[in-house]
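Read the numbers this way: they start at 1 and go in the same order the structure lists the ligands and their atoms.
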Amino acid sequence: MKVIYTDVLIIGGGLAGLRVATGVKERGHDAVVLSLVPPKRSHSAAAQGGMQASLANSKMGEGDNEDVHFEDTIKGSDWGADQVVARMFTHCAPKAIRELAHWGVPWSRVKKGDRQSIINAQKVTITESEEAHGLITARDFGGTKKWRTCYTSDGTGHSMLFAMDNKAHQDKVEIHERLEAMALIHEDGRCYGAVARNLMNGELVAYVSKATTIATGGYGRIYSVSTNAIICQGTGQALALETGVATLGNMEAIQFHPTAIVPVGILTTEGCRGDGGLLLDKDGYRFMPDYEPEKKELASRDVVSRRMTEHMRKGKGVKSRYGDHLWLDITILGREHIEKNLREVKEICENFLGIDPAEEWIPVRPTQHYSMGGIRTKYTGESQTLKGLYSCGEAACWDMHGFNRLGGNSVSETVVSGMLVAEYISDYLDSDEANLSIHTKKVEEFVKNEQAKLDQLLENSGGEDAYDLRRSMENIMMEKVGIFRNGKDLKDAVDELEKLLIRSKNIDVFRSKSRAANPALVNAYRTQKMIKVALTVALGAYLREESRGAHSREDFPSRDDANWLKRTITSWPDPNQTLPSVSYEEIEIDEMELPPGFRGYGKDMTIHNVKTKDAQDRVDSIRQKLLDEGKDRFEI
Ligand SMILES: Cc1cc2nc3c(=O)[nH]c(=O)nc-3n(C[C@H](O)[C@H](O)[C@H](O)COP(=O)(O)OP(=O)(O)OC[C@H]3O[C@@H](n4cnc5c(N)ncnc54)[C@H](O)[C@@H]3O)c2cc1C
């Protein structure tokens, strides 16, 4: 048995994982990063539009600060977020972005003087001040009061990830690529690392660590059409779930992005609309102002996705052989702007649609995009129930997005949570609690267990094809657990997924019996894990009888703070269960800095909680008292 010992095992080499690695290294601890692919090819590289940080450098960002960013984030989350976490995040984002600049990210900068911009379909001249010249600039994004999304053209994630990976190499972080974590090693409520499989030669390796971090990103690929990279399969969430001890939070909170291209689902960034692009229907009519007169195309993502779907249901979609779609018009921005600030979008349109977006409209439709749910953690990033297990980035639910994430808040979260969680892990490592106390025999048991599962898959003659099961799962999720949800479809989805899970025990790897590089074997075991993850999403959505953020129930259209101001917690305590166990965690209004209110979209249909008014009165009176005493916003 090959065993590798380290202080911190980090599963995932995207922005979040790499940021944790450099953080713990700086505190003097060893770190090994596992990744399915070379880290620079992690999904983070796909982020286009930008990173939110309230720098307030550019003219349109004037007046922005951490308080405004916090408010936008909480409203965006439809009051599902943990407000302590959101505070930590908005407070640290400006630091994280400057740190990245120092590590080499070439952020787009303010240029003094006049520049032309498109706002609400009108040409507007913006005059940038002399003093701001050369500072990091920002663009507009959905659901934000100020222009706060900092960017490097539309290749933001790419440049962040390259800088972060270079920094990790500079810090001599050990990176083991093409190594897939298969199971967490744990005993008596404590995590001790993971069993990983070498994807090239099939060898199983035990990584034994004092702390383990899951930073494996989202689980978008349980849907048939997603903007996510194909490796975003939720295996990290499954690793936690399969311990039977760690829990997942709000798995039903799935974001659909308004503008993925049809049919393939590749994203065109929100920056297109942030920079002035418009949504048009089959008649070339700009419909969003009719639905959302204030924010129009730049309402929160969940809102725009629903409005687009509603509009298509009214027969206003463009018919195509791939189903209805709408148009994204960025021709209005002009070729020069597109070639400078939206060049990835241009290339995507040229390569995957054969059109020039400076001349032609882009066919778009809302598509699965982001996982707000994930491994439930405390604000420190540590699992609430499995000691020594940490999680951050899109893999986690620590929980700053609640039921809807704002564009630009995710890459920002990866580096901020990575920075903070690294500190909490280091504190833990510096304590006596972190000493390793697991017997090698126990480690060996975990390795043997994984080997036995692989052997069984290879020996099975049950006749089930993993590719078929997976396709069925993806279609069920797309058709029945989508943008608009209802009890009947969700119940059907749960029942059908449960049947798929039972069938997945008989997956037969007919294509190749090789134990080494064998994509069919990989697909077989990942499919089993993905169906479990899909079940946590579908069951959570079925049981949540309200509409909050991206979770929209046609049979329960109100946000119900009286009964549902709580997080969904799922776990899988017995491996023989065919459905996850579900419980709930209250979100305490009394602890909120910003008590629940109206988000400002459509009609206010909130069912209020009796505690809300008292909480609001209390917050208002504290604020007023401090204002009367002449305190500034920091003290308040
Ligand atoms: C097309 C697109 C555009 C986006 N644009 C923006 C944007 O402009 N702004 C914004 O804020 N957000 C954006 N997002 C969201 C953002 O990119 C992601 O949420 C974020 O990058 C996730 O980073 P991460 O480090 O958590 O995970 P990832 O970057 O997904 O990294 C996951 C890592 O885990 C590894 N891994 C996975 N499973 C295993 C396993 N079992 N064993 C070992 N390793 C494993 C992978 O190899 C990878 O290294 C966008 C998302 C998409 C899909």
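For the ring-ring contact (aromatic ring centres under 6.0 Å, His included) condition, the pairs that include at least one residue of residues 225-260, sequence neighbours left out, are Tyr223-Phe256, His257-His369. Pairs of residues two or more places apart, or lying in two chains, that qualify as salt bridge (charged side-chain N to carboxylate O under 4.0 Å, His left out) and include a residue from residues 238-262 are Glu242-Lys529, Glu242-Lys532, Glu252-Arg544.
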>> Quick one, His337 with Asp275, criterion side-chain hydrogen bond (donor to acceptor under 3.5 Å, both in side chains). Give me CA distance, side-chain angles, the key distance, then yes/no.
In response: CA-CA 9 Å; His337 180 93; Asp275 291 2; 2.8 Å; yes
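Applying the side-chain contact (heavy atoms from CB on, under 4.5 Å) rule to Ser417 yields the partners Cys392, Trp398, Glu413; only residues at least two apart in sequence or on another chain are considered.
Between Lys145 and Glu71, at least one side-chain nitrogen of the basic residue sits less than 4.0 Å from a carboxylate oxygen of the acidic one, meeting the salt-bridge criterion.
A centroid separation of 6.0 Å or more is found between the aromatic rings of Phe70 and Phe89.
Contacts of ligand 1 (protein heavy-atom distance under 4.0 Å) are Ile11, Gly12, Gly13, Gly14, Leu15, Ala16, Leu34, Ser35, Leu36, Val37, Ser42, His43, Ser44, Ala46, Ala47, Gln48, Gly49, Gly50, Leu179, Glu180, Ala181, Ala215, Thr216, Gly217, Thr227, Asn228, Ile231, Thr235, Leu267, His369, Tyr370, Gly393, Glu394, Arg405, Gly408, Asn409, Ser410, Val411, Thr414.
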